[in-house]
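Here's the structure, in structure tokens; my notes come after.
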Amino acid sequence: NLIKGFGIFSVGLAKKLLLADNLAIYANGVFDAAKIGIQPDFIEAWTGALAYTLQLYFDFSGYCDMAIGISLMFGIKLPINFNSPYKASNIIDFWRRWHITLSTFLKNYLYIPLGGNRSGFFRRYSNIFITMLLGGLWHGANWTFVIWGGLHGLFIIVNHTWSKLVTEPFVQNTTFFNKIYSILMVPFTFFWIVIAWIVFRADSFQSALLIFKGCFGY
């Protein structure tokens with residue numbers, strides 16, 4: 001346990017110090033500029049957005065690895081909290097991989113008590129949206145967090161609808177096409193995750209809009 005725990009702790013510490021802290025330099029430069037009204041160009045906007053996307057993952061998963069490693073050194077086994085989330089092929093898969101303990105908490109103590117999927121598709125989608133809004137608010141008392149939660153709620157609803165209308169009847173029945181489809185959906189899913197992280201990181205919605213303008217060439 002000491003050897004395994006120290007190994008996991010070391011990996012987490014490296015994620016934090018070597019990767020997250022260095023990526024933060026690029027992310028902070030872009031978002032701090034947007035905070036005071038400076039709009040980034042196309043390259044700057046995407047550099048900041050991608051740097052923050054990776055910084056957040058390495059920072060957060062690094063902390064979790066350190067906690068898991070230290071706990072294991074004392075004989076305590078904590079659950080895994082990240083499972084390669086940026087390899088997800090859709091948003092539902094992303095939330096099965098990202099911050100797993102929070103996702104489980106939201107499901108068990110918000111989504112299911114609200115009624116889950118037991119009262120028809122309209123109520124199900126309403127419960128999903130409310131759960132994600134509250135999940136966003138859990139991160140802090142700022143409208144950007146609420147909007148971020150709402151975006152992911154909308155993404156999940158679209159994901160469920162698309163799966164029902166397209167993926168299940170036309171894709172899943174063909175093994176080869178299903179593999180190609182899953183591979184192609186990884187960068188597509190990652191794109192929307194990055195877009196949502198811009199709102200999450202921005203100081204205000206106005207700052208997020210400046211970065212969006214840069215990302216889309218305005």
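What's counted below: heavy atoms across the whole structure, side chains too, no hydrogens, waters or symmetry copies. Sequence positions, counted from 1, serve as the residue numbers for this chain.
- Residue pairs meeting the salt bridge (Lys or Arg N to Asp or Glu O under 4.0 Å) criterion with at least one member in residues 96-111, sequence neighbours excluded: Asp93-Arg97.
- For the side-chain contact (heavy atoms from CB on, under 4.5 Å) test, residues two or more places apart in sequence or in another chain that qualify with Ile25 are Asn22.
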Which is it for Phe58 and Asp21 under the side chain to side chain contact (heavy atoms under 4.5 Å, CB included) test, yes or no, and what are the steps along the way?
-> CA-CA 9 Å; Phe58 287 123; Asp21 287 355; over 6 Å; no
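- Phe216 and Leu210 are not part of a single hydrophobic cluster, where members link through side-chain heavy atoms under 4.5 Å apart.
- For the salt bridge (Lys or Arg N to Asp or Glu O under 4.0 Å) condition, the pairs that include at least one residue of residues 51-74, sequence neighbours left out, are Lys15-Asp65, Lys16-Asp59.
- Hydrophobic cluster membership is shared by Ile43 and Tyr218, with clusters built from Ile, Leu, Val, Met, Phe, Trp and Tyr side chains linked at under 4.5 angstrom.
- Residue pairs meeting the side-chain hydrogen bond (donor to acceptor under 3.5 Å, both in side chains) criterion with at least one partner in residues 180-189, sequence neighbours excluded, are Trp162-Tyr181, Thr167-Tyr181.
- Put simply, the residue from Trp148, Trp95, Phe155 that forms a side-chain contact (heavy atoms from CB on, under 4.5 Å) with Met132 is Trp95.
- In terms of the side-chain contact (heavy atoms from CB on, under 4.5 Å) criterion, residue partners of Val194 (sequence neighbours excluded) are, by chain and number, Trp46, Ala49, Leu50, Thr53, Phe190.
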Leu151 and Trp192: CA distance, side-chain angles, deciding distance, side chain to side chain contact (heavy atoms under 4.5 Å, CB included) verdict | CA-CA 9 Å; Leu151 282 173; Trp192 290 107; over 6 Å; no
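- Ile3 belongs to no multi-residue hydrophobic cluster, having no ILVMFWY side-chain contact under 4.5 Å with any other such residue.
- Every side-chain contact (heavy atoms from CB on, under 4.5 Å) that Ser204 has, sequence neighbours left out, goes to Gln206, Ser207.
- Here Tyr26 pairs with nothing under the ring-ring contact (aromatic ring centres under 6.0 Å, His included) rule; sequence neighbours left out.
- At a threshold of 4.5 Å between side-chain heavy atoms, the hydrophobic network of Ile, Leu, Val, Met, Phe, Trp and Tyr places Ile8 and Leu78 in one connected group.
- Here the side chains of Ile91 and Ile193 are in contact, with some heavy-atom distance below 4.5 Å.
- Taking both residues in full, the closest heavy atoms of Ala45 and Cys215 are given as CB-N, 3.5 Å, listed atom of the first, atom of the second, then distance.
- Qualifying side-chain contact (heavy atoms from CB on, under 4.5 Å) partners for Leu106, counting only residues two or more places apart in sequence or in other chains: Leu102, Leu110, Thr131.
- Hydrophobic clustering places Leu19 together with Phe82 (ILVMFWY residues linked when any side-chain heavy atoms are closer than 4.5 Å, directly or through intermediates).
- Atom NE2 in His139 sits 11.0 Å away from atom OG1 in Thr144 (nearest 0.5 Å).
- Criterion: ILVMFWY side-chain heavy atoms under 4.5 Å apart, direct or through other members. Under it, Val158 and Phe188 are not part of a common hydrophobic cluster.
- Here the closest heavy-atom approach between residue Thr161 and residue Tyr125 is recorded as OG1-OH, 3.4 Å.
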Kindly determine whether Phe205 and Trp143 satisfy side chain to side chain contact (heavy atoms under 4.5 Å, CB included), including the steps that lead there.
-> CA-CA 8 Å; Phe205 188 64; Trp143 281 110; over 6 Å; no
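- Residue pairs meeting the side-chain hydrogen bond (donor to acceptor under 3.5 Å, both in side chains) criterion with at least one partner in residues 70-89, sequence neighbours excluded, are Asn81-His99, Asn81-Thr101, Tyr86-Trp197.
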Going through the checks in order, is the side chain to side chain contact (heavy atoms under 4.5 Å, CB included) test met by Asp203 and Phe31?
-> CA-CA 8 Å; Asp203 178 70; Phe31 284 93; over 6 Å; no
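- In this structure Phe94 satisfies the ring-ring contact (aromatic ring centres under 6.0 Å, His included) test together with Trp98, His152, sequence neighbours excluded.
- Every residue two or more places apart in sequence or in another chain was checked for a ring-ring contact (aromatic ring centres under 6.0 Å, His included) with Phe6, and none qualifies.
- Atom CH2 in Trp138 sits 16.0 Å away from atom CG in Leu133 (nearest 0.5 Å).
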